[in-house]
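The structure appears below as structure tokens.
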Amino acid sequence: MSVRLADVIEVLEEAYPPGLAQSWDSVGLVCGDPDDALDSVTVAVDATPAVVDEVPDGGLLLAHHPLLLRGVDTVAASTPKGALVHRLIRTGRSLFTAHTNADSAAPGVSDALAGVLGLTVEGALEPASAPADFDKWVIYVPRENSEAVQAAVFEAGAGNIGDYSHCSWTVSGTGQFLPHEGAAPAIGSVGTVERVAEDRFEVIAPARARAAVLAAMRAAHPYEEPAFDILELVPPPSGAGLGRVGTLTKPEPLRAFVSRVHAALPPTSWGVRASGDPDMPVTRVAVCGGAGDSLLAAVARAGVQAYVTADLRHHPADEHRRASPVALIDVAHWASEFPWCAQAADLLRSRFGASLPVRVCDVRTDPWNMSDRGGDAGRDES
């Protein structure tokens with residue numbers, strides 16, 4: 001049975017819904033034709049030249065970290081990332097990214113980390129906010145009337161997100177319409193195609209405010225027949241969110257748990273470092289694959305004894321330890337996310353079986369490759 005790239009994308013987007021990605025992120029298909037037959041899948045944390053070398057021609061590289069993210073305006077072959085894209089395309093290889101959507105998915109990156117540490121997951125450390133019973137409004141309005149229409153829908157209950165109000169997103173374009181007999185156009189005339197500089201703006205609003213927002217929009221809008229869409233927002237999957245909280249089968253001293261972390265993750269020059277009482281019993285643990293110091297406040301409230309994550313900075317860690325008894329265990333970013341590769345590979349194997357070879361790339365893409373502790377063991381790109 002031939003497996004198309006589109007078939008694999010469908011499975012990946014079901015497991016790691018794109019809607020869970022952070023607004024700044026870039027996830028999904030980077031290069032490749034969804035209609036092409038796929039020969040293999042290689043899973044890695046990063047798309048680097050050494051990793052691409054491991055991907056057979058005609059294969060897919062499923063990467064966790066985006067190759068193209070902030071400020072990308074060229075993929076010229078004379079640039080490092082552009083050269084990689086050209087290599088992929090020339091050999092019929094594809095690239096797909098599952099990043100912060102895989103971080104928040106259940107199971108996702110932090111579930112994989114918890115699993116290799118022997119933790120039984122209870123739930124998300126910071127659950128995804130559920131936009132249940134909310135609508136997204138998309139409204140088209142002449143540019144000169146955009147501010148007034150937005151003010152009207154804000155007054156009717158739209159545009160509130162958490163502790164913020166008057167939230168919207170706007171892009172400009174050109175609207176077109178042809179008024180027929182019986183119309184009373186505010187702009188243009190019957191029988192003539194009219195083109196108008198318009199804004200398209202988006203806001204969210206509680207579903208219960210739908211009638212009020214509609215009435216306010218119509219009252220403030222200059223058009224006889226405003227153009228707008230109302231989209232019901234779907235709540236995130238159950239259990240989705242950043243980080244995980246889990247439990248050990250029995251308590252163990254912090255020093256033993258740190259050794260457990262060291263043994264469970266691939267070796268890096270960064271190693272494993274910790275802050276806390278070495279003799280403190282550890283039963284309940286929070287984890288977050290990747291950089292996790294943004295979740296320190298949630299960790300302090302989670303009723304855990306230790307927190308495993310990566311990229312902990314000096315000042316946030318110091319402030320946390322002054323205010324909280326929760327021990328901190330800091331590992332290399334790449335090592336904390338590498339267990340996800342096996343999770344993603346198992347997902348694809350379970351769906352496609354022998355019809356699609358799937359492997360985890362063991363190239364270490366951690367950028368740090370030396371230390372004075374001899375922690376440079378493992379296969380890497382040096």
Side-chain angles (χ1 to χ4, degrees), residues 11-25 27 45 64-66 97-134 161-164 204 233-249 257 260-261 264-265 282-312 316-317 320 324-331 333 335-344 346-347:
V11 171
L12 292 173
E13 291 190 340
E14 178 185 350
Y16 310 119
L20 291 178
Q22 299 293 307
S23 60
W24 50 264
D25 201 7
V27 301
V45 174
H64 180 50
H65 290 150
T97 299
H99 189 213
T100 54
N101 51 328
D103 289 335
S104 287
V109 172
S110 291
D111 295 279
L113 176 57
V116 298
L117 298 182
L119 299 171
T120 300
V121 171
E122 296 179 354
L125 175 60
E126 185 176 80
S129 57
D133 300 323
F134 272 78
I161 302 176
D163 294 328
Y164 296 83
I204 66 167
L233 296 184
V234 178
S238 176
L242 294 174
R244 294 293 183 267
V245 174
T247 55
L248 293 167
T249 55
F257 183 71
R260 173 192 289 263
V261 175
L265 297 180
V282 173
T283 303
R284 203 161 181 262
V285 180
V287 302
C288 178
D293 61 14
S294 64
L295 298 179
L296 285 172
V299 168
R301 300 189 300 265
V304 298
Q305 293 86 44
Y307 178 40
V308 182
T309 190
D311 297 344
L312 286 176
H320 167 85
S324 170
V326 178
L328 299 178
I329 302 170
D330 187 40
V331 303
H333 190 118
S336 74
E337 295 178 328
F338 184 72
W340 169 80
C341 296
Q343 178 198 95
D346 287 344
L347 167 72

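- Asp346 pairs by the side-chain hydrogen bond (donor to acceptor under 3.5 Å, both in side chains) definition with Arg349, not counting sequence neighbours.
- With contacts defined as side-chain heavy-atom distances shorter than 4.5 Å, the pair Leu296/Thr309 does not qualify.
- Among residues two or more places apart in sequence or in another chain, the side-chain hydrogen bond (donor to acceptor under 3.5 Å, both in side chains) test is passed with Thr100 by Asp25.
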Table please: side-chain donor-acceptor pairs of residues 113-126 below 3.5 Å, with sequence neighbours left out.
from	atom 1	to	atom 2	distance (Å)
Glu122	OE1	Arg284	NE	3.1
Glu122	OE1	Arg284	NH2	2.5
Glu122	OE2	Arg284	NE	3.3

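- Taking Asp330 as the reference, Arg273 meet the salt bridge (Lys or Arg N to Asp or Glu O under 4.0 Å) condition, with sequence neighbours excluded.
- In this structure, the side-chain hydrogen bond (donor to acceptor under 3.5 Å, both in side chains) partners of Gln343, at least two apart in sequence or on a different chain, are Tyr16.
- Residues passing the salt bridge (Lys or Arg N to Asp or Glu O under 4.0 Å) test with Asp311: none are found, sequence neighbours excluded.
- Side chain of Tyr307 to backbone of Leu295: no donor-acceptor contact under 3.5 angstrom is found.
- Taking 4.5 Å as the limit, some side-chain heavy atom of Leu265 sits within range of a side-chain heavy atom of Pro339.
- Every pair passing side-chain hydrogen bond (donor to acceptor under 3.5 Å, both in side chains) that includes a residue from residues 102-118 is listed here, sequence neighbours excluded: His64-Asp103, Asp111-Arg244.
- Counting only residues at least two apart or in different chains, side-chain hydrogen bond (donor to acceptor under 3.5 Å, both in side chains) contacts with residues 294-303 are absent.
- Residues that satisfy the side chain to side chain contact (heavy atoms under 4.5 Å, CB included) test with Pro325, not counting sequence neighbours, are absent from this structure.
- Partners of His320 according to the ring pair (Phe, Tyr, Trp, His ring centres under 6.0 Å) rule, which considers only residues two or more places apart in sequence or in another chain, do not exist here.
- Among all heavy-atom pairs drawn from Ala286 and Val299, the shortest one is CB-CG2, 4.3 Å.
- For Phe257, the ring pair (Phe, Tyr, Trp, His ring centres under 6.0 Å) criterion is met by no residue, not counting sequence neighbours.
- When side chains are defined from C-beta on, Thr97 does not count as touching His65, because their heavy atoms never get closer than 4.5 Å.
- Taking CG of Leu242 as the reference point, atom CD of Gln22 lies at 6.0 Å (rounded to 0.5 Å).
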